[in-house]
There are 2 protein chains.
Amino acid sequence: MSEPVRRRAARGRGVELRGQVLAAAMDLLAETGDEQAVSVRAVALRVGVSVPSIYLHFADKQALLDAVCEQVFEALHVRLRAASEGAADPFAALRAQGNAYVHFALENPEHYRIVMMLRHPPTAEAADRAIAGGAFDYLVESVRRCAALGVYTSDPVEVALGLWAAAHGVAALLIAKPYFPWPDVDGFVDRTICMAGLGLAAAERVPGDGSLPLPELVAALDSLTR
Amino acid sequence: MSEPVRRRAARGRGVELRGQVLAAAMDLLAETGDEQAVSVRAVALRVGVSVPSIYLHFADKQALLDAVCEQVFEALHVRLRAASEGAADPFAALRAQGNAYVHFALENPEHYRIVMMLRHPPTAEAADRAIAGGAFDYLVESVRRCAALGVYTSDPVEVALGLWAAAHGVAALLIAKPYFPWPDVDGFVDRTICMAGLGLAAAERVPGDGSLPLPELVAALDSLTR
DNA sequence: CCGCAAGATGAACGGCGCTAACTTAGCGGC
DNA sequence: GCCGCTAAGTTAGCGCCGTTCATCTTGCGG
């Protein structure tokens, strides 16, 4: 009822509305935790502006969501950098990064869902690439640092993809199936991250295509214990 | 235009419409590859019936989608059983199962998306559990067979969760980010499955919480090569 | 103080999920 | 053979959605 009386923007200041619209969309998503609640009408109402005004700055609803995704991925990128900052060694940094990735997703489940689980029309191809680029490139960099110390020997990009798949898998499962009887979440997350980090290193070292007879495999694995 | 002139069902035969509606929804989803295309109106039109008739057999659209999910998971369960049938040993069976899981998802991307990536309201809790139950229990069983041969020693459910996370991760990434410059898909999938299978086994054998100094870890891993 | 373009809007269109009130038709009983 | 009950299905409409077009308002350079 007591909508803040928004004054029309000054001559060259039309762009300011764009920021307010984007912020309103992000807030709405965070508050309601429901993508459905982020309708063009709801966003316009919150900003205190008419519906068509949204279209002055975003081609359509998808463009608005794309902008939201961009912000989310930027925040994620920052978070990943921070997480791996104080790690003891590159392998520990990778582990910290993986855990940070999943926890970021769990803390912003609807944002993560929009970015990673919604169908994006072909027009969003460029956005997708750019969006994933920053954070993913950083992950590849982290893998390279591990490779330099002998942990990994194969293509860092492929190793990074494996890590990404594991992290996304656990995050996506926890978000999409909240009613599943999960065990301790933090433990599950860290175990999965370690599984990926170790598994990729181990897979490189197993001879052949990994389909060696079972007894030999178990014996080789057991030699790890020592 | 030439809609098949649907005759009203006989007295006790009202339920038959339910099956037709469900089939129409599945077909529509498979043909268009777009969840948006599965609207109550579109389904009704395809069956050759008025819109409210849908609600005679499904409480709401979500209930219809839940029924679709149930069918999908049943098909997946069948596929997993078939995949692990002719495997050389339980570990190979696990690997075959993982690959089959991902390929099933890639062949039915929109079905998989609805089941695993859409927000399900709390009312779907029971459905979710039941749905995931069959296939997941079978996965746990497969893990148990590996554990009996010494591959895994920790809780089979937790191991199965790790495998599920990896398989879902790679499937979900490939489906949600089709424009990402993926390398060879089949290879990526199999590598990720092996990563999980080996990684879970390796993680159990690394002493402590896995954060041992890097040189020792690399040395332990290298002993695998032999 | 005038004119114009940038900024913002009111009204409407077609499609969506869903519902209340109504009609049609199969079938057992007389 | 007709009656009445009720299962099966429809018509009309509500409020929401994303989107568009013609229109109005207003800051500001001349």
Side-chain angles (χ1 to χ4, degrees), chain A residues 3-25 28-29 32 34-69 110 114 118-121 123-124, chain B residues 3-22 24-25 28-29 32 34-69 110 114 118-124:
Chain A
E3 279 302 324
V5 199
R6 223 194 84 91
R7 293 200 64 76
R8 172 200 278 253
R11 248 317 156 92
R13 306 270 172 170
V15 220
E16 290 176 2
L17 180 55
R18 193 194 135 94
Q20 300 181 39
V21 169
L22 183 50
L28 219 44
L29 193 61
T32 65
D34 180 4
E35 33 163 316
Q36 304 266 37
V38 185
S39 70
V40 176
R41 279 171 165 83
V43 171
L45 183 67
R46 164 158 300 217
V47 176
V49 90
S50 76
V51 173
S53 294
I54 305 289
Y55 291 88
L56 295 175
H57 302 286
F58 297 94
D60 52 18
K61 188 185 180 179
Q62 185 60 51
L64 173 54
L65 291 183
D66 285 350
V68 169
C69 292
E110 289 308 309
I114 284 192
L118 253 52
R119 179 189 190 75
H120 287 228
T123 58
Chain B
E3 279 300 324
V5 199
R6 222 193 83 91
R7 292 201 64 76
R8 172 199 279 253
R11 253 299 157 106
R13 305 272 173 171
V15 221
E16 291 176 3
L17 181 53
R18 192 195 135 94
Q20 300 181 39
V21 169
L22 184 51
L28 220 41
L29 193 61
T32 66
D34 179 6
E35 34 162 314
Q36 304 266 35
V38 186
S39 68
V40 176
R41 279 170 163 85
V43 172
L45 183 67
R46 165 159 298 217
V47 177
V49 89
S50 75
V51 172
S53 294
I54 305 288
Y55 292 91
L56 295 174
H57 302 286
F58 297 94
D60 51 19
K61 188 186 180 179
Q62 184 60 51
L64 173 55
L65 291 184
D66 285 350
V68 170
C69 292
E110 289 307 309
I114 285 193
L118 253 53
R119 178 189 191 75
H120 287 226
T123 58

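Both backbone and side-chain heavy atoms feed into the values below; hydrogens, waters and symmetry mates do not. Order of the sequence lines fixes the chain letters, A, B, ..., with proteins taken first and strands second; residue numbering starts at 1 for each chain. Owing to the predicted nature of the structure, the values given are computational and were not obtained by experimental measurement.
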key: Phosphate contact (dA8(C) OP1 or OP2) by Ser50(A) side-chain N/O below 4.0 Å   = no
query = Just how far, in rounded Å, is P of dC16(C) from CG of Asp34(B)?
reply = 12 Å
remark   = Sorted by position of nearest nucleotide on DNA chain D, 5' first, the leading residue of Ala59(A) and Ser39(A) is Ser39(A)
Separation of atom CG in Asp60(A) from atom P in dT20(D), rounded to whole Å = 8 Å
ask   = DNA chain C: Pro52(A) or Val38(B), which has the more 5' nearest nucleotide?
value = Pro52(A)
query = In whole angstrom, what separates Gln62(B)'s CD from dC16(C)'s P?
reply = 18 Å
task = Calculate, to the nearest 0.5 Å, the distance between atoms CD and CG belonging to Glu110(A) and Asp34(A) respectively.
result = 6.5 Å
ask   = NA contact type, Val49(B), heavy-atom cut-off 4.0 Å: base, sugar-phosphate, or nothing?
value = sugar-phosphate
task = Look up atom CD in Glu35(B) and atom CG in Leu118(A), then write down how far apart they are to the nearest 0.5 Å.
result = 7.0 Å
request  = Taking the side chain as every heavy atom from C-beta outward, state whether Leu17(A) and His57(A) have any atom pair closer than 4.5 Å.
outcome  = yes
note = Rounded to whole Å, the CD-C1' distance (Gln20(A) to dA8(C)) equals 13 Å
task = Looking only at side-chain atoms of Arg8(B), point me to the closest of dA25(C), dA12(C), dC16(C).
result = dA25(C)
query = Between atom OH in Tyr55(A) and atom P in dA22(D), what is the gap in whole Å?
reply = 18 Å
query = Can you tell me if the side-chain N/O atoms of Ser53(B) get under 4.0 Å from OP1 or OP2 in dT10(D)?
reply = yes
ask   = Could you go step by step and tell me if Val40(A) and Tyr55(A) meet the side-chain contact (heavy atoms from CB on, under 4.5 Å) rule?
value = CA-CA 9 Å; Val40(A) 176; Tyr55(A) 291 88; 3.8 Å; yes
request  = Return the nearest nucleotide to the side chain of Leu56(A); candidates are dA7(D), dG17(C), dT9(C).
outcome  = dT9(C)
task = Would you kindly give the CD-to-C1' distance between Gln36(B) and dG17(C), to the nearest whole Å?
result = 13 Å
query = When the distance from NZ of Lys61(B) to P of dC18(C) is rounded to whole Å, what number comes out?
reply = 8 Å
ask   = If we only count heavy atoms from C-beta on, is the Gln20(B) to Val49(B) side-chain gap below 4.5 Å?
value = no
ask   = In whole Å, what is the span from the CD1 atom of Ile54(B) to the P atom of dG9(D)?
value = 11 Å
inquiry  = Under 3.5 Å, is there any donor-acceptor pair linking the side chain of Arg41(A) to the base of dG18(D)?
reply    = yes
